[in-house]
Peer 1: 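Right, I'll just put the structure down here and ask away after.
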Amino acid sequence: MRVVIYLAGGCFWGIQGYFDLLKGVVSSQVGYANSKIEDPSYELVCSGITGAVEAVKVTYEDEILSLNEILQRFFDIINPFALNYQGNDFGTQYRSGIYAQDSKILEEVHSFIQNLQKNFSQEIVTEVMELENFYPAESYHQKYLAKNPNGYCHIDLSKALQNNYIP
């Protein structure tokens, strides 16, 4: 069955580039999640007035890639303790978050994070919320790292190669 989840962890280029390498991911699209302003531009999102977060809509086959695997891999590439930044990306639009429209998915995410938190004394600040809206980013952001292999990325894409998850 195809499942959709929205992941935010700093610049959306790296999140998309990483998840696009995983076997079971059917499609991805970068965009702006939970904006207070309809169809915001990149410039508006960067200004902070939209409240939006740079996120990636990930559609995957759960028979091939489970939600648990998605979450394990997501937390392997982000800093879940960083509030409003990841790597060199600073601002509320770069906060880490997991969003969905399915309450069952959100319950599983909360449970996963509660179990993960047991391993750390520092608080995990990755937000988990219902997706209110998602606006696709401008075309030049879509598949940016595929089009610009030497482009900036705060994520180690080689981690996707581990465990033979490449499609």
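Numbering of residues begins at 1 and proceeds along the displayed sequence.
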Peer 1: Determine yes or no for a side-chain-to-main-chain donor-acceptor pair under 3.5 angstrom, with Glu132 supplying the side chain and Ala33 the backbone.
Peer 2: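 Answer holds: no.
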
Peer 1: If you compare all heavy atoms of Asn133 against all heavy atoms of Ser35, which two are closest, and at what distance to 0.1 Å?
Peer 2: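 Heavy atoms of Asn133 and Ser35 come nearest at OD1-N, 2.8 Å.
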
Peer 1: Give a yes or no on this: more than 12 heavy atoms of other residues, nucleotides or ligands lie within 6.0 Å of atom CD of Glu43.
Peer 2: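 Yes, enclosed.
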
Peer 1: Find the distance between SG (Cys46) and OH (Tyr94) and round it off to the nearest 0.5 Å.
Peer 2: 4.5 Å

Peer 1: Taking atom types as modelled and ignoring hydrogens, do the side chains of Tyr85 and Arg95 form a donor-acceptor contact shorter than 3.5 angstrom?
Peer 2: no

Peer 1: Do the side-chain N and O atoms of Ser28 and Asp20 include a donor-acceptor pair separated by under 3.5 angstrom?
Peer 2: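 There is such a pair (donor and acceptor under 3.5 Å, judged by atom type) between the side chains of Ser28 and Asp20.
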
Peer 1: Quick one: closest heavy-atom pair of Phe120 and Ile124, and the distance?
Peer 2: CD1-CD1, 4.5 Å

Peer 1: Between Ser139 and Gln142, does any side-chain donor sit less than 3.5 Å from a side-chain acceptor?
Peer 2: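 No, no side-chain donor-acceptor pair sits under 3.5 Å.
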
Peer 1: Where is the tightest heavy-atom contact between Val53 and Gln93, given as atom of each residue plus distance?
Peer 2: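 Closest approach of Val53 to Gln93, heavy atoms only: CG2-O, 3.4 Å.
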
Peer 1: Search all heavy atoms of Glu69 against all heavy atoms of Ile64 and return the closest pair with its distance.
Peer 2: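 Reported closest heavy-atom pair: OE1-O, 3.8 Å.
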
Peer 1: Are any non-hydrogen side-chain atoms of Arg2 and Val26 less than 4.5 angstrom apart?
Peer 2: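 Yes; the side chains approach each other to less than 4.5 Å.
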
Peer 1: Please round to the nearest 0.5 Å and tell me the distance separating atom OH of Tyr135 and atom CG of Asn34.
Peer 2: 10.0 Å

Peer 1: Mind checking the NZ-CD1 spacing from Lys118 to Ile113? Nearest 0.5 Å is all I need.
Peer 2: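 Interatomic distance, Lys118 NZ to Ile113 CD1, rounded to 0.5 Å: 13.5 Å.
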
Peer 1: Assess the residue pair Phe134 and Tyr32 against the criterion (ring pair (Phe, Tyr, Trp, His ring centres under 6.0 Å)); give the C-alpha distance rounded to whole Å, side-chain angles, the decisive distance to 0.1 Å, and a yes or no.
Peer 2: CA-CA 6 Å; Phe134 180 81; Tyr32 312 113; 8.1 Å; no

Peer 1: Should His154 and Cys11 count as side-chain neighbours, where that means a heavy-atom distance under 4.5 Å?
Peer 2: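 Yes, close enough: below the 4.5 Å cut-off.
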
Peer 1: Strictly distance-based, threshold 3.5 Å: is any side-chain N or O of Glu130 a donor or acceptor partner for the main-chain N or O of Ser103?
Peer 2: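 Absent.
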
Peer 1: Verify whether the ring centers belonging to Phe74 and Tyr18 lie closer than 6.0 Å.
Peer 2: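 No - the distance between ring centres of Phe74 and Tyr18 does not fall below the 6.0 Å cut-off.
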
Peer 1: Would you confirm whether Glu61, through its side chain, and Lys23, through its main-chain N or O, come within 3.5 Å as a donor-acceptor pair?
Peer 2: no

Peer 1: Look only at the side chain of His141 and the backbone of Gln29, and say whether a donor-acceptor pair between them is shorter than 3.5 Å.
Peer 2: no

Peer 1: Can you check whether Leu44's main-chain N or O pairs, donor with acceptor, with Ser47's side chain at less than 3.5 Å?
Peer 2: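 Between the backbone of Leu44 and the side chain of Ser47 there is a qualifying donor-acceptor contact (under 3.5 Å).
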
Peer 1: Aromatic rings Trp13 and Tyr144: how do their planes relate, parallel, tilted or perpendicular, breaks at 30° and 60°?
Peer 2: parallel

Peer 1: Are Phe19 and Tyr60 close enough, and set up right, to give a ring pair (Phe, Tyr, Trp, His ring centres under 6.0 Å), and what steps lead you there?
Peer 2: CA-CA 10 Å; Phe19 279 93; Tyr60 65 97; 8.9 Å; no

Peer 1: Counting only heavy atoms not in Lys36, do more than 12 fall under 6.0 Å of its NZ?
Peer 2: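 Count not over threshold, so no.
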
Peer 1: Met129, Val56: one ILVMFWY side-chain cluster at the under-4.5 Å cut-off?
Peer 2: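 Per the 4.5 Å side-chain linkage, Met129 and Val56 are not co-clustered.
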
Peer 1: Under 3.5 Å, is there a donor-acceptor pair between the side chain of Asp62 and the main chain of Val3?
Peer 2: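 Answer holds: no.
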
Peer 1: So, for Thr50 and Val45, which heavy atoms are closest and what is the spacing to 0.1 Å?
Peer 2: OG1-CA, 3.6 Å

Peer 1: Please round to the nearest 0.5 Å and tell me the distance separating atom CG of Leu7 and atom CD1 of Ile78.
Peer 2: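 Separation between the atoms: 9.0 Å.
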
Peer 1: Is the shortest side-chain heavy-atom distance between Asp102 and Val4 below 4.5 Å?
Peer 2: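 SC-SC contact between Asp102 and Val4 ruled out.
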
Peer 1: Would you give the length of the straight line joining atom CG of Leu21 to atom CD of Gln16, rounded to the nearest 0.5 angstrom?
Peer 2: 10.5 Å

Peer 1: With a 4.5 Å limit on heavy-atom distance, are the side chains of Ile15 and Ile155 in contact?
Peer 2: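 Yes, their side chains come closer than 4.5 Å.
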
Peer 1: Donor-acceptor check, side chain of Gln86 to backbone of Asn79, threshold 3.5 angstrom: yes or no?
Peer 2: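 Yes.
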
Peer 1: Applying side-chain hydrogen bond (donor to acceptor under 3.5 Å, both in side chains), run through Gln101 and Tyr6 and close with a yes or a no.
Peer 2: CA-CA 9 Å; Gln101 293 177 313; Tyr6 299 78; 4.8 Å; no

Peer 1: Transitively linked via ILVMFWY side-chain contacts under 4.5 Å: Val25 with Phe12?
Peer 2: yes

Peer 1: When you group the ILVMFWY residues by side-chain heavy-atom contacts below 4.5 Å and let the links chain together, are Leu106 and Phe75 in the same group?
Peer 2: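 Yes, one cluster joins them.
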
Peer 1: Taking side chain as C-beta onward, heavy atoms only, is Leu71 less than 4.5 Å from Val109?
Peer 2: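 Side-chain contact under 4.5 Å: yes.
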
Peer 1: Verify the cluster assignment for Val128 and Val125: are they in a single hydrophobic cluster under the rule of side-chain heavy atoms below 4.5 Å apart?
Peer 2: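 The answer is no; the residues belong to distinct hydrophobic clusters.
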
Peer 1: How far apart are the closest heavy atoms of Cys153 and Leu145, and which atoms are they?
Peer 2: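 Reported closest heavy-atom pair: SG-CD1, 3.6 Å.
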
Peer 1: Looking at side-chain heavy atoms only, is the closest gap between Gln72 and Asn68 below 4.5 Å?
Peer 2: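 In short, these two side chains touch, coming nearer than 4.5 Å.
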
Peer 1: For the CD1 atom of Ile5 and the CD1 atom of Ile98, what is their distance to the nearest 0.5 Å?
Peer 2: 6.0 Å

